[in-house]
J.: 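I have a structure here, written as structure tokens, and I will follow up with some questions on it.
All residue numbers in this chain count up from 1 along the given sequence.
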Amino acid sequence: QANAIADESGAASLQVRLPQAGTVRYAWQAGEASGDDTLRVIPAWWSLLPPLLAIVLALLLRQVVLALVGGVWLGAWLIAGGDPFTPLLRVVDTYLLDAYADRDHLQIVLFTLLLGGMLGVITRAGGLRAIVRVLGRRVRSDRGVQLSAYLLGLLIFIDDYANTLFVGATMRPLADRYRVSREKLAYLIDSTAAPVANLALIGTWIGFEVSVIADSFKASGIALEPYWAFLLSLPYRFYPIFTLVFIAWLLVWRRDFGAMYRAEVRARTTGKVLADDASPLANYDSAELLPPDHLQGSLWSAVLPILTALGGAVGGLVYTGYYGALAAGDPITLRTVLANANSYISLVWGALLGCVVVWLCVWLTHALNLRESFEAWVSGIRSMVLAVVILGLAWSIGAVCEVLHTAQYLVQALQGTISPAWLPALTTLTAAAISFAIGSSWGTMSLLMPLAVPLAHTLTAGLGAEAQQFYLIATISSVLAGATFGDHCSPISDTTVLSSIFAGSDHIDHVRTQLPYALVVGAVAWLVGDVATAFGLPVWAALGIGIALLGAIVRMVGKPTPKHCLPADAPTEKQTE
């Protein structure tokens with residue numbers, strides 16, 4: 001059934017009522033042009049099935065590649081219908097191919113492979129061995145290793161991808177030495193990557209966040225300065241703040257619980273930093289990468305390439321942002337430079353410069369000859385192949401969800417006539433659900449912000465100016481924090497995958513051990529933060545109560561983890577030097 005309507009400009013359109021499910025054949029004619037086609041209609045809630053299947057299969061089979069293939073296949077079948085074999089072909093020739101053909105995605109792949117090559121040369125030349133030797137003089141316990149990883153994660157705030165690289169590459173050998181489980185290291189990396197980048201005043205995230213806020217304000221006719229709104233929203237981003245506080249409490253009380261506790265006990269008591277059946281996404285311990293026993297390595301041959309990669313990425317952000325702002329006609333300020341920066345190409349430039357510098361370092365120190373350096377570089381790239389496959393499949397299932405309008409369905413299902421007081425809390429749940437399903441915090445922000453901001457503006461129209469601004473800022477914070485929460489929990493998130501890569505962890509083990517911690521923090525952030533502040537609790541009180549509550553949970557629920565003891569036959573510090 002179709003009804004013709006016209007908008008205010010006189011343009012004609014059709015409203016078509018479709019059946020709940022089935023195939024609809026239609027014909028159209030516009031002037032002398034005409035045609036016909038078929039349309040496949042499915043129930044809207046079916047759009048949730050592909051990501052849910054991928055998540056369930058990942059947890060049951062412990063094979064993330066098979067799980068993601070299953071999710072993409074189901075999505076392809078829902079889109080096209082027909083026999084089950086043809087959608088399997090679409091997984092490869094359409095969705096996976098399109099994922100790698102996307103320029104931004106290809107830059108992330110290139111960034112990952114170049115970093116793998118750089119780390120391969122660093123490892124083969126003994127650079128990581130040198131880092132362990134130097135840090136080992138100051139870090140004297142498993143808690144010291146975790147504290148160092150935590151502090152490094154706070155310092156590398158410029159970008160979440162760069163954070164995972166630097167912290168993983170630097171702390172993984174030391175964590176192995178002091179028997180910190182790879183699961184715990186991956187959690188520390190993941191929990192100081194996106195949360196720190198979400199809160200940082202300078203970095204790759206702020207330009208994107210301010211831009212989606214600005215676009216939403218412009219569409220809604222809101223006069224508030226977007227950058228100022230970003231700053232006002234910082235205290236209300238309860239999940240990123242509480243995540244960083246929660247890690248601090250884990251270190252202070254020296255406790256863990258759930259699957260993470262069991263992983264830590266296994267690592268401390270048996271020395272197995274990986275479970276017996278683990279399949280790490282990147283293998284940095286292969287014979288091709290291990291340095292010979294006589295090669296102690298140079299500290300600068302490890303630190304200088306990594307710092308070059310970070311510095312190159314920052315320089316790329318400034319360069320692309322400056323010329324991007326000029327091209328857009330924007331005034332040259334820090335905000336406009338970051339808003340116009342190309343973070344993807346900047347990361348590629350940084351990784352390439354890191355590769356050049358590591359080759360120069362090993363040449364100057366005579367650690368490796370040309371053939372050995374090239375073989376180590378290729379071996380490092382080879383260690384990233386599985387990770388690149390998983391990234392491609394994660395992007396593919398995101399594309400399937402986009403075609404099926406998964407995010408739009410979740411928004412419409414959860415959106416309704418609600419009280420302004422419940423808007424921040426429900427926005428957080430919506431953002432978390434979308435981000436968990438599609439595995440992208442930025443994708444969630446771009447989808448939800450244009451819907452949440454006008455909704456907050458409309459629902460608070462009859463309130464005073466102060467109340468209007470509060471609910472607007474709280475809703476913006478809920479979108480940004482909720483997207484990070486869902487992304488943090490999702491096994492198909494690229495940052496979750498990269499954390500597993502650079503920690504050398506089994507991906508499913510990382511998700512399984514991290515999820516209880518993320519859910520605990522998310523629950524406290526939602527109840528004490530989003531709900532309580534919307535009903536009148538001052539934000540400073542919510543932050544204080546949340547910090548104290550998380551400390552109490554760790555103290556009462558957590559169990560003391562064993563301290564690391566070096567075996568009797570372990571070499572002394574003087575011997576290792």
J.: State whether Asp142 and Arg268 are salt-bridged, where the test is any N-O pair (Lys NZ or Arg NE/NH1/NH2 against Asp/Glu carboxylate O) under 4.0 Å.
T.: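 A salt bridge is present here (some side-chain N lies under 4.0 Å from a carboxylate O).
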J.: Is it true that a side-chain atom of Trp526 and a backbone atom of Ala425 form a donor plus acceptor pair closer than 3.5 Å?
T.: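 Between the backbone of Ala425 and the side chain of Trp526 there is a qualifying donor-acceptor contact (under 3.5 Å).
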J.: In terms of ring plane angle, is the pair Tyr239 and Phe485 parallel, tilted or perpendicular, where the classes change at 30° and 60°?
T.: tilted
J.: Given 3.5 Å as the limit, does a donor-acceptor pair link the side chain of Arg172 with the main chain of Gly504, or not?
T.: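 Checking the backbone N and O of Gly504 against the side chain of Arg172, no donor-acceptor pair under 3.5 Å is found.
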J.: Are the side chain of Thr192 and the backbone N or O of Leu188 linked by a donor-acceptor pair below 3.5 Å?
T.: yes
J.: Under 3.5 Å, is there a donor-acceptor pair between the Asp506 and Ser500 side chains?
T.: no
J.: Could you tell me how the ring of His488 sits relative to the ring of Tyr187: parallel (under 30°), tilted (30 to 60°) or perpendicular (over 60°)?
T.: parallel
J.: Under 3.5 Å, is there a donor-acceptor pair between the side chain of His507 and the main chain of Pro280?
T.: no
J.: Any donor-acceptor pair under 3.5 Å linking the side chain of Ser490 with the backbone of Phe436?
T.: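 Pair found, side chain donor or acceptor close to backbone of Phe436.
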J.: Grab the two heavy atoms, one from Val539 and one from Thr533, that are nearest each other, plus how far apart they are.
T.: CA-CG2, 4.2 Å
J.: Ala532: what forms a side-chain contact (heavy atoms from CB on, under 4.5 Å) with it, not counting sequence neighbours?
T.: Leu537
J.: Quick one: do the Thr561 and Glu264 side chains pair a donor with an acceptor below 3.5 Å?
T.: no
J.: Salt bridge check, Arg182 against Asp509: does any charged N sit closer than 4.0 Å to a carboxylate O?
T.: no
J.: Centres of the Phe535 and Trp422 rings: under 6.0 Å?
T.: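 They qualify: ring centres under 6.0 Å apart.
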J.: Salt bridge (charged side-chain N to carboxylate O under 4.0 Å, His left out): which pairs involve residues 236-251, sequence neighbours left out?
T.: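 Applying salt bridge (charged side-chain N to carboxylate O under 4.0 Å, His left out) to every pair that reaches into residues 236-251, excluding sequence neighbours, yields Glu209-Arg237.
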J.: Give the ring-plane orientation class for Phe238 versus Phe242, where under 30° counts as parallel, over 60° as perpendicular and anything between as tilted.
T.: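 It falls in the tilted class, 30° to 60°.
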J.: When you compare the side chains of Ser478 and Thr428, does any donor N or O come within less than 3.5 Å of an acceptor on the partner?
T.: yes
